[in-house]
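These numbers come from the heavy atoms of this one structure, side chains and all, not from hydrogens, waters or symmetry mates.
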Amino acid sequence: MSETVLSVKGLRTYFDTNEGLVRAVDDISFDIHKGEIFSLVGESGCGKSITALSLLRLVPPPGSIISGEILLNGTNLLRLPEEGMRKLRGRKIAMIFQEPMTALNPVMTIGNQIAEVILHHFSETKKVAHQRTLALLDQVGIPDPEHRYFEYPHQMSGGMKQRVMIAMALAGEPDILIADEPTTALDVTIQAQILDLLRALQKARGMAILFITHDLGVVSETADKVAVMYAGQIVEQANRHSFFANPLHPYSKKLFDSLPYKSKRGSQLTMIRGAVPSLLGPFTGCRFANRCDWAWEICAPVAPKWIKEPVTTAAGEEGGVRCHLYDTEPIVNSLAPTGPTWEHGEEEHDTRLSLPFKGRQGGDGVHSPSSPKPPLLQVSALTVHFPIYQGLFRSVAGFVKA
C-alpha cells in the first residue's frame, strides 16, 4: 500500500451558537494516500467544507475543533502552535477555494499574489519568484503569462481566475491539495478543462488530492476513492469502481436515483424527500432515517455503527458503511426491516443482509461510468480568435485565442 499522506481520526468540529451546539463535523475518519484522489461527496449542509477548513485549522468563529487527530505525514496538526501551522499551510497542505473571486486579492496583480507564496515558503529572490510564477501560469494553461502576470483578478474570466487559484495552491509544492468544489461556479466546458488540468498536475507531481463535491459525474471522472458524507458523518466509503457498481448506503442509492439518466427522459426525476436534518443538539438514531425508504424500527432509537468491509464489499478493500442493514450482529432480534423490494433466496436468513441495491451495470438501462457511449456531438480542431486592435488606425496587433 502507498504511503499515507493524511490521516483523519475521530474529527469533531462544533459551533457554539445562540441556538445551541451545532455538530457540523461529528466523528469522521479517513486516510488519503500519496498520489491518490479522495472524493468527499454529499449535498449542501453535510459538513464537507467545514471538514476542509478543519484540516487547515481555519474554522471561523464560533466554530472550534473539539477532538480528534489530523495527521499530516505523521505530524498531528492539532498539537501545533499557530506559528507552526503557518509554515505548513500552502507548503505541505494547500487549498483551492470554491469561489476564486472572493479568494483573490482585488488590489494585487495575480502574479504578485502567486509570487508572494513562493517568497513566503522558499528562500528565493524576487527575480527567481517571478520566473517560477511565470512557469506556474504556463503550467496551469494561462496564455501569455508575461502579460497576464500584471493583470488584476477583475480582468480575468471565471475559468482563468480558477487557474490562478490552482497555480497559487501549487506554488508551495504541497503534498496534499484540497479542492473545495473548484468547478461549481464554472460552465461545463471550463469545468472539464479544470478537471483535466487537476488530473494532469496530480499525476505529474504525485501529490494527493482531497476533492470535495456534490457532483457524482465529477467523482466518476476523477476519484480513486469516495466517501459519502451526510449530516456531519461519513456514511459510506469505497473505491470508485465498487461505489459506482454497487452503492451500499440508502443515501448513496438515493443520490444515484436522482441523476438524470437518458432512460428517464420524459419522466419525473427521483428526489430525496425532506432535507438534511438540523445539526443542533445530539442525535439518538440514524441521521438519514426520516428520509430513508428502507428505515425500520431500530433506526430511530439506535445510532448505526460503522461496518467495515460489509458482505457486499470484496475482501481486502478499504471501505465500509454506517447502516443497520449491514449489521450482522442483531441488536433486537424481534425487529426486521420493512422497506420496499427486498430480495429473498430459497433459504431463510437475516433480511438485513438481503439488500435492495443491485449493481448499476448491465441491463437496467443505466450506463456504468466505464461503458462506452457513442458521441452525440463531435468537435475537432475548432479555433476561435478575437483580434486585438491598437493605434489610431486600429491595426490588428495580435489575437486573443479564445
Side-chain angles (χ1 to χ4, degrees), residues 28 30 32 36-49 51-52 96 98 178-196 198-199 202 209-231 233-265 267-276 288 291-293 312-313 317 319-323 355-362 364-373 376:
I28 68 169
F30 58 88
I32 303 178
E36 180 177 83
I37 300 181
F38 186 98
S39 209
L40 194 59
V41 186
E43 60 191 301
S44 297
C46 285
K48 305 185 303 296
S49 293
T51 298
I96 306 169
Q98 183 171 347
I178 302 172
D180 185 9
E181 306 224 30
T183 60
T184 298
L186 307 176
D187 64 67
V188 291
T189 304
I190 304 301
Q191 180 185 84
Q193 294 176 7
I194 295 298
L195 292 177
D196 288 342
L198 285 173
R199 281 195 298 266
Q202 183 259 342
I209 294 180
L210 172 59
F211 201 101
I212 295 173
T213 183
H214 63 272
D215 190 334
L216 288 176
V218 170
V219 175
S220 70
E221 296 178 6
T222 58
D224 296 307
K225 291 181 182 175
V226 183
V228 181
M229 196 165 185
Y230 184 79
Q233 287 187 329
I234 291 178
V235 297
E236 181 176 352
Q237 183 177 327
N239 66 49
R240 179 183 61 180
H241 175 76
S242 296
F243 179 70
F244 280 88
N246 188 25
L248 300 179
H249 197 277
Y251 177 57
S252 305
K253 168 72 173 174
K254 284 288 188 180
L255 289 178
F256 276 101
D257 287 344
S258 65
L259 294 178
Y261 292 110
K262 183 179 179 181
S263 60
K264 296 181 180 179
R265 284 186 178 178
S267 61
Q268 189 173 1
L269 289 177
T270 302
M271 63 178 292
I272 307 176
R273 66 175 185 269
V276 178
F288 188 63
R291 307 174 74 187
C292 182
D293 292 337
T312 50
T313 302
E317 288 185 359
V321 62
R322 190 183 300 276
C323 182
L355 303 174
F357 308 149
K358 295 182 179 179
R360 302 198 65 83
Q361 326 110 305
D364 61 354
V366 179
H367 288 286
S368 70
S370 59
S371 61
K373 291 184 286 187
L376 183 63

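Atoms CD1 and CZ, from Ile37 and Arg240 in turn, are 8.5 Å apart once rounded to the nearest 0.5 Å.
Checking each of Leu198, Ile209, Ile194 against Ile96 for a side chain to side chain contact (heavy atoms under 4.5 Å, CB included) leaves exactly one that passes, namely Leu198.
Side-chain contact between Phe38 and Gln237 is present, with heavy atoms from C-beta onward closer than 4.5 Å. Cys323 places none of its side-chain heavy atoms less than 4.5 Å from the side chain of Leu248. Side-chain atoms of Arg199 and Thr222, non-hydrogen and from C-beta on, do get closer than 4.5 Å to each other.
Scanning for ring pair (Phe, Tyr, Trp, His ring centres under 6.0 Å) contacts around Phe211 gives an empty result, with sequence neighbours left out. Annotation: side chain to side chain donor-acceptor pair (under 3.5 Å) contacts of Thr51 (sequence neighbours excluded): none.
The minimum heavy-atom distance between Glu36 and Lys225, with the atom names listed, is OE2-CE, 3.2 Å. Of all the heavy atoms in Phe243 and Leu216, the pair that sits closest is CE2-CD2, 3.9 Å.
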**Message:** Would Cys46 and Tyr251 count as a side chain to side chain contact (heavy atoms under 4.5 Å, CB included) here? Give the steps.
**Reply:** CA-CA 12 Å; Cys46 285; Tyr251 177 57; 4.1 Å; yes
**Asked** Would Arg291 and Lys254 satisfy side chain to side chain contact (heavy atoms under 4.5 Å, CB included), going step by step from the backbone distance to the final call?
**Response** CA-CA 10 Å; Arg291 307 174 74 187; Lys254 284 288 188 180; over 6 Å; no
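At distances below 3.5 Å, not a single donor-acceptor pair connects side-chain atoms of Lys48 with backbone N or O atoms of Met229. Here the side chain of Glu236 pairs no donor or acceptor atom with the backbone of Val228 at under 3.5 angstrom.
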